[in-house]
Every structure is written in C-alpha cells, then in structure tokens.
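All remarks here apply to the structure that follows.
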Amino acid sequence: MKKLGIIALTLLLALSASMAAAEGVELKPGGFTYAFTCGDAVLVTAKADFPIVTGLADEAAMLAINGTIRETIEREFAYDELCNYATVDHLVSARDFSEYPYFTNVTVQTAKRTAGLLSLCFLFEGDFGGAHGDYWECVEYFDLSNGAVVPLGDMVTDPEAFRAFLVDEVLAQITAGELDTKNDYFGDYENHVREWTLDDGILAEEGLVVYFYQTTIGPYSSGPQYFTVPYDKLAGYWNDTGKALLEL
C-alpha cells in the first residue's frame, strides 16, 4: 500500500509537469550519489535525482533556486547522522551490510509550473535499520522572478482559515472514501488530521494535495495518505501573491 501511494503521487506529479511550463525556464536533469564505507563494507548509500533550473534571465535568482534545492536535499538526507548510526550498527549488530546497506534516496519532481511559480516535491525513501522502510516528502515553492522561497501561508489571506477548510475537506473525503475507517485508519485519526499543517501540502496542477506520513492517521500497512482539493474549492482564499503565482 505504501508503495502504491508513492507511485500514485509520482504519476500525479509527472502529469502535472507536462501540463504547464514557465516561460524561458528549462529543467535539466541533475543528481549525485554518496557511499560511506568501513573497510570493504559499504554501510550507507545515498542517491539524489533533481532538476537543475536553467534559462532564467536573473542569474542570481537561478543560483538561489538551485542552491535551495541542494540544501533541502542535504538537510533531509541527514547523511552524516546516518553514517554515524550505521557505523555503530555495523559494530554491534548482525546486519549483513553487504546485502542490506542503509540507504536514503530522493527524487525531486515538478508538481506545478507557471510563469512565476515553480512547485517542487521532494520524495524520499530510506532504510535505516528498522523493520520497515521510511517514506517522506517535503515541498518548496519558488518565485521565479527573484528565486525566493514562498511559504504556502504567504499565498493566502487567512492561513488558519485556509488550513481549517482543507482539514474539513480531508475528513469529508475520508468519510466518503474507499478505505475502511475502522481498520485502515487509527481510531483517533480525526484528531491527527486536525493537527495537519500547511507545511504538508503540495501545490499540484489540479489542486492542493494534502498528505500525511505513514502511521500518522493509519497503520503502516495503509501507507502515506494523499487527498487532493481542487483549486475551484479554494478560490476565495488566495491573496494577490497567490493569485499571481498560481495564475488564478
């Protein structure tokens, strides 16, 4: 189930990227790999695939965007911390690192592009020695006119009212959805949904995607959860900045 959730979001974002393009901006493939070894054993691998922004007339803005992309990956990777943890585990555990090294991977995909906005979703997966793998996301919104990161809350007139509306929409979708609220969600899932913040939202082509990490509102077997709220339902919430960036 968790893999299906990641695949579904990947397809959604890939579709979004093909539907809009910021004028003059090109996204070229970039990436890097890391490997941490101890003797002959590879303890940790890390792989990142991400876009490199080219074609902006404002070179400083372009450099700022590309720098932030790299900084976000490095921050979420926590590579040094993972290497330290793997070193200890290699010394004291029976884990076969030749077959099962720790790893963390990220694929950065375009969720939405307009003439003024680049919405990027960072999809992470990792194995840190636990019983299950981990999956998580983060999002950055870039103003293509100056390279600045624009938080979602800065695009709406009333962030709390906006958040509350999205929470209610998610609860309505859960009630009307295909999953069994008694078995596929925790008994107190509504409390956890109401704790959702704007940091865990993705501006995609067809709407705002509200997401929850695995085990936030349901068991691990239910995987991460994604709920799309169409833009037409959000029309009254955007401020001038949001309208301009989203071309609404």
Side-chain angles (χ1 to χ4, degrees), residues 1-17 26-54 63-111 118-142 149 199-200 202 204 209 211-216 219-226:
M1 183 67 180
K2 58 182 181 297
K3 275 291 187 183
L4 292 178
I6 294 294
I7 291 171
L9 182 61
T10 299
L11 292 175
L12 181 152
L13 297 179
L15 176 63
S16 297
E26 293 184 25
L27 301 180
K28 296 184 177 180
F32 62 82
T33 58
Y34 292 155
F36 176 71
T37 62
C38 182
D40 295 330
V42 177
L43 303 189
V44 180
T45 63
K47 184 175 186 293
D49 294 302
F50 54 89
I52 298 174
V53 177
T54 65
L63 291 174
I65 293 171
N66 288 325
T68 301
I69 292 171
R70 184 66 181 248
E71 289 168 5
T72 301
I73 292 171
E74 297 284 2
R75 181 187 69 241
E76 292 289 326
F77 261 1
Y79 181 73
D80 291 340
E81 181 180 351
L82 184 58
C83 291
N84 291 336
Y85 184 63
T87 299
V88 174
D89 200 21
H90 178 59
L91 294 174
V92 302
S93 77
R95 182 184 181 93
D96 185 356
F97 279 87
S98 65
E99 292 289 335
Y100 305 106
Y102 288 2
F103 73 86
T104 180
N105 298 329
V106 61
T107 300
V108 183
Q109 297 189 337
T110 304
L118 177 62
S119 171
L120 294 182
C121 183
F122 298 68
L123 302 172
F124 291 88
E125 63 174 335
D127 180 354
F128 312 126
H132 304 286
D134 289 304
Y135 303 86
W136 69 102
E137 300 90 18
C138 67
V139 184
E140 299 283 11
Y141 306 121
F142 297 99
V149 173
D199 290 337
D200 295 330
I202 305 169
V209 179
Y211 68 88
F212 297 90
Y213 300 103
Q214 59 196 44
T215 73
T216 299
Y220 184 87
S221 58
S222 295
Q225 303 289 323
Y226 305 97

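Between R75 and E71, none of the side-chain N atoms (NZ, or NE/NH1/NH2) sits under 4.0 Å from a carboxylate O, so this pair counts as no salt bridge.
Counting only heavy atoms from C-beta outward, the side chains of F142 and T68 approach each other to under 4.5 Å. For the pair F103/K47, no side-chain contact is recorded, criterion being any heavy-atom separation below 4.5 Å from C-beta on. Residues P51 and L120 form a side-chain contact, since some pair of their non-hydrogen atoms from C-beta on lies under 4.5 Å apart. V106 places none of its side-chain heavy atoms less than 4.5 Å from the side chain of L123.
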Would Y102 and F97 satisfy ring pair (Phe, Tyr, Trp, His ring centres under 6.0 Å), going step by step from the backbone distance to the final call? CA-CA 8 Å; Y102 288 2; F97 279 87; 5.4 Å; yes

Take Q214 and S222 through the test side-chain contact (heavy atoms from CB on, under 4.5 Å) and record every step on the way to the result. CA-CA 7 Å; Q214 59 196 44; S222 295; over 6 Å; no

Would V108 and D49 count as a side-chain contact (heavy atoms from CB on, under 4.5 Å) if you check the C-alpha gap in whole Å, the side-chain angles of each, and the deciding distance to 0.1 Å? CA-CA 6 Å; V108 183; D49 294 302; over 6 Å; no

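Here the two rings, on W136 and Y213, have centers that are 6.0 Å apart or farther.
Not counting sequence neighbours, the partners of Y34 by the ring pair (Phe, Tyr, Trp, His ring centres under 6.0 Å) test are F32, Y79. Under the side-chain hydrogen bond (donor to acceptor under 3.5 Å, both in side chains) criterion, D127 pairs with R95, sequence neighbours left out.
Side chain of E76 to main chain of E74: no donor-acceptor pair is present (N/O by atom type, distance under 3.5 Å, no hydrogens or angles).
Using the six-membered ring where Trp is involved, F77 and F124 have ring planes that are perpendicular, over 60° apart on the 30 and 60° scheme.
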